Amino acid sequence: MATYIVLLGPPGVGKGTQARILAETSKLAHISSGDLFRENIKNQTELGKQVKAILDKGELVPDDLTISMIRDRISKPDCELGAILDGFPRTPTQAEALDDMLAEFSDSEVNAVPYITAAESVLVERASGRWTCKAQGHIYHEKFNPPKQAGICDIDGSEVYQREDDKVETVTKRIRVYFEQTMPLVEHYEVAGKLIKIDGTQPVEQVTKELLAALKI
Ligand code: AP5
Ligand code: MG
């Protein structure tokens, strides 16, 4: 049976940072909806053209576009053992669609939902100081995790850049959107007995340690 883990938490809390580490440790695939949208924007695909302005404004992409992109990704052979889902689902409709696709593709379901939290001031400081690698989306922070050589990704040597939606006012908007549209999922997964609360204000290594202990992957 495949293992599917949904990482839930507000913008900038560390989902991408942790998802990359967990995927490497567990050999599960890492599926980041935000990374997939940014990849489409970079490659100027039809989907990329449709969603660019939405991401830049810090709003959510419509459910139908998001669900069909994830459906496509999750049906790939590297997801056979399961996946760490980072940024999806983000609305009740997306959560329902996820249940349907997991049942259809691998007769499985969401196993666990770590819910990583931090105060809004921490989120804004993290997102606004974030630097992302152009080639593969590796994540840095100017203060908490700077690249060894300024402006260059340690892992693949590509340039690092600041995301368009990481301006303070856009981050604040994204946090508001999160509270309005994604918070219902916290209750949904809590009622289902799948929610695992994790204090995201701790250092990266400590958050990873708690995730690994709780998930047993
Ligand atoms: P997405 O890319 O998913 O952004 P997000 O959810 O807003 O989350 P972030 O990527 O900003 O933060 P993160 O939690 O991954 O933190 P990170 O590890 O990078 O989505 C972007 C946009 O795409 C959305 O606004 C929407 O438009 C669209 N979209 C995506 N999914 C969608 C969906 N399902 N439906 C509709 N639309 C969708 O860490 C942040 C920073 O903090 C980094 O600099 C990192 O180095 C640092 N850091 C991390 N952990 C720690 C720590 N423990 N201590 C100190 N620093 C830390
Ligand atoms: Mg992310």
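Both ligands and their constituent atoms are indexed starting at 1 by order of listing. If you're wondering where the values come from, they're calculated on a predicted model, not measured in any experiment.
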Exercise for review: Show which atoms of ligand 1 fall inside a sub-4.0 Å distance from at least one heavy-atom site of Gly16.
Suggested key: 13 (P), 15 (O), 18 (O)
Check your understanding: Heavy atom under 4.0 Å from ligand 1: found in Gln18's side chain, backbone, both, or neither?
Key -> neither
**Study point:** Atom of Gly9, atom of Lys15 and distance for their closest heavy-atom approach
**Key:** O-NZ, 3.2 Å
Practice item. Decide whether Gln50 and Glu46 meet the rule of one side-chain donor and one side-chain acceptor closer than 3.5 Å. Key: no
Practice item. Return the residue, atom name and 0.1 Å-rounded distance of the protein heavy atom closest to atom 38 (C) of ligand 1. Key: Phe37 CE1, 3.6 Å
Review point. Counting from 1, what ligand 1 atoms have a heavy atom of His141 closer than 4.0 Å?
Key: 44 (O), 46 (O)
Practice item. Look at ligand 1 and say whether Gly9 reaches it with a heavy atom at a distance under 4.0 Å. Key: no
Review point. Listed by chain and number, what are the side-chain hydrogen bond (donor to acceptor under 3.5 Å, both in side chains) partners of Thr25, not counting sequence neighbours?
Key: none
Practice item. Could you walk me through whether Glu164 and Arg38 pass the salt bridge (charged side-chain N to carboxylate O under 4.0 Å, His left out) test, one step at a time? Key: CA-CA 10 Å; Glu164 190 61 39; Arg38 283 183 289 278; over 6 Å; no
Point to revise | Test item: Leu81 and Thr3 side chains (from C-beta on) under 4.5 Å apart, heavy atoms | key: no
Point to revise | Which residue and heavy atom of the protein sit nearest atom 33 (C) of ligand 1, plus the separation | key: Arg90 CD, 3.5 Å
Review point. Considering only the protein, which heavy-atom contact is closest to atom 7 (O) of ligand 1, and what is its distance?
Key: Arg174 NH2, 2.8 Å
Exercise for review: Would you indicate whether Glu109, at its atom CD, is surrounded by more than 12 heavy atoms from other residues, nucleotides or ligands within a distance under 6.0 Å?
Suggested key: no
Exercise for review: Could you check Asp35 against Arg20 for salt bridge (charged side-chain N to carboxylate O under 4.0 Å, His left out), going step by step and ending with a plain yes or no?
Suggested key: CA-CA 12 Å; Asp35 284 357; Arg20 281 170 180 269; 3.6 Å; yes
Study note, to complete from the structure: for atom 43 (C) of ligand 1, nearest protein heavy atom and its distance come out as Ile139 CG2, 3.5 Å
Practice item. Measure across Val6 and Pro89 and return the closest heavy-atom pair with its distance rounded to 0.1 Å. Key: CG1-CD, 3.8 Å
Exercise for review: Inspect the surroundings of CD in Gln206 and state if more than 12 heavy atoms from other residues, nucleotides or ligands are less than 6.0 Å away.
Suggested key: yes
Exercise for review: State if Gly12 counts as touching ligand 1 under the rule of any non-hydrogen atom under 4.0 Å.
Suggested key: yes
Check your understanding: Does ligand 1 have any atom sitting under 4.0 Å from a heavy atom of Arg163?
Key -> yes
Exercise for review: Run the numbers for me: atoms of ligand 1, each under 4.0 Å from some heavy atom of Pro11, listed by number.
Suggested key: 5 (P), 7 (O), 8 (O), 12 (O)
Practice item. Heavy-atom contacts with Gly87 under 4.0 Å: which atoms of ligand 1 show up? List them by number with element. Key: 31 (N), 32 (C), 33 (C), 34 (N)
Check your understanding: Within the structure, does Gln202 bring an N/O atom to less than 3.5 angstrom of an N/O atom in ligand 1?
Key -> yes
Point to revise | Mode of Tyr140 contact toward ligand 1 - side chain, backbone, both, neither (heavy atoms, under 4.0 Å) | key: backbone
Review point. Within a reach of under 6.0 Å around NZ of Lys209, are more than 12 heavy atoms found that belong to other residues, nucleotides or ligands?
Key: no
Review point. What part of Arg38 sits under 4.0 Å from ligand 1 if we count only heavy atoms: the side chain, the backbone, both or neither?
Key: side chain
Review point. Would you say Lys173 has more than 12 foreign heavy atoms packed within less than 6.0 Å of its NZ?
Key: yes
Exercise for review: Please test Asp78 against Arg73 for salt bridge (charged side-chain N to carboxylate O under 4.0 Å, His left out), starting from the C-alpha separation and ending with a verdict.
Suggested key: CA-CA 9 Å; Asp78 69 318; Arg73 177 67 189 88; 2.8 Å; yes
Check your understanding: Regarding Thr45 and Asn40, is there a side-chain donor-to-acceptor distance under 3.5 Å anywhere?
Key -> yes
Check your understanding: At a non-hydrogen distance cut-off of under 4.0 Å, which region of Pro89 contacts ligand 1 (side chain, backbone, both, or neither)?
Key -> neither
Exercise for review: Distance to 0.1 Å, residue and atom name: give those for the protein heavy atom nearest to atom 26 (C) of ligand 1.
Suggested key: Glu59 O, 3.3 Å
Exercise for review: Can you pull out the closest protein heavy atom to atom 31 (N) of ligand 1? Residue, atom name and distance to 0.1 Å, please.
Suggested key: Ser33 OG, 2.7 Å
Practice item. Measure Thr66 to ligand 1 on non-hydrogen atoms and call it side chain, backbone, both or neither using the 4.0 Å cut-off. Key: side chain
Practice item. Look only at interatomic distance and state if Lys15 has a nitrogen or oxygen under 3.5 Å from any nitrogen or oxygen of ligand 1. Key: yes
Exercise for review: Look only at interatomic distance and state if Gly14 has a nitrogen or oxygen under 3.5 Å from any nitrogen or oxygen of ligand 1.
Suggested key: yes
Revision key, fill the gap. In this structure, atom 41 (C) of ligand 1 is nearest to the protein heavy atom Arg126 O, 3.5 Å
Practice item. Please say which of Glu190, Glu187, His188 ends up in a side chain to side chain contact (heavy atoms under 4.5 Å, CB included) with Leu195. Key: Glu190
Practice item. Could you walk me through whether Lys134 and Asp156 pass the salt bridge (charged side-chain N to carboxylate O under 4.0 Å, His left out) test, one step at a time? Key: CA-CA 10 Å; Lys134 271 194 181 156; Asp156 60 34; over 6 Å; no
Review point. Taking a hydrophobic cluster as the set of Ile, Leu, Val, Met, Phe, Trp and Tyr residues connected by side-chain heavy atoms closer than 4.5 Å, whether directly or through intermediates, do Met101 and Tyr189 fall within one such cluster?
Key: yes
**Study point:** Ligand-side contact atoms (ligand 1) for residue partner Phe144, heavy atom cut-off under 4.0 Å
**Key:** 55 (C), 56 (N)
Revision key, fill the gap. Ligand 1 atoms nearer than 4.0 angstrom to some heavy atom of Pro203 are 53 (N)
Revision key, fill the gap. The protein heavy atom nearest to atom 9 (P) of ligand 1 is Arg130 NH1, 3.3 Å
Check your understanding: With a cut-off of 4.0 Å, which atoms of ligand 1 are near a heavy atom of Gln94?
Key -> 33 (C), 34 (N), 35 (N), 36 (C)
Review point. Considering distance alone, does some N or O of Val61 sit under 3.5 Å from an N or O of ligand 1?
Key: yes
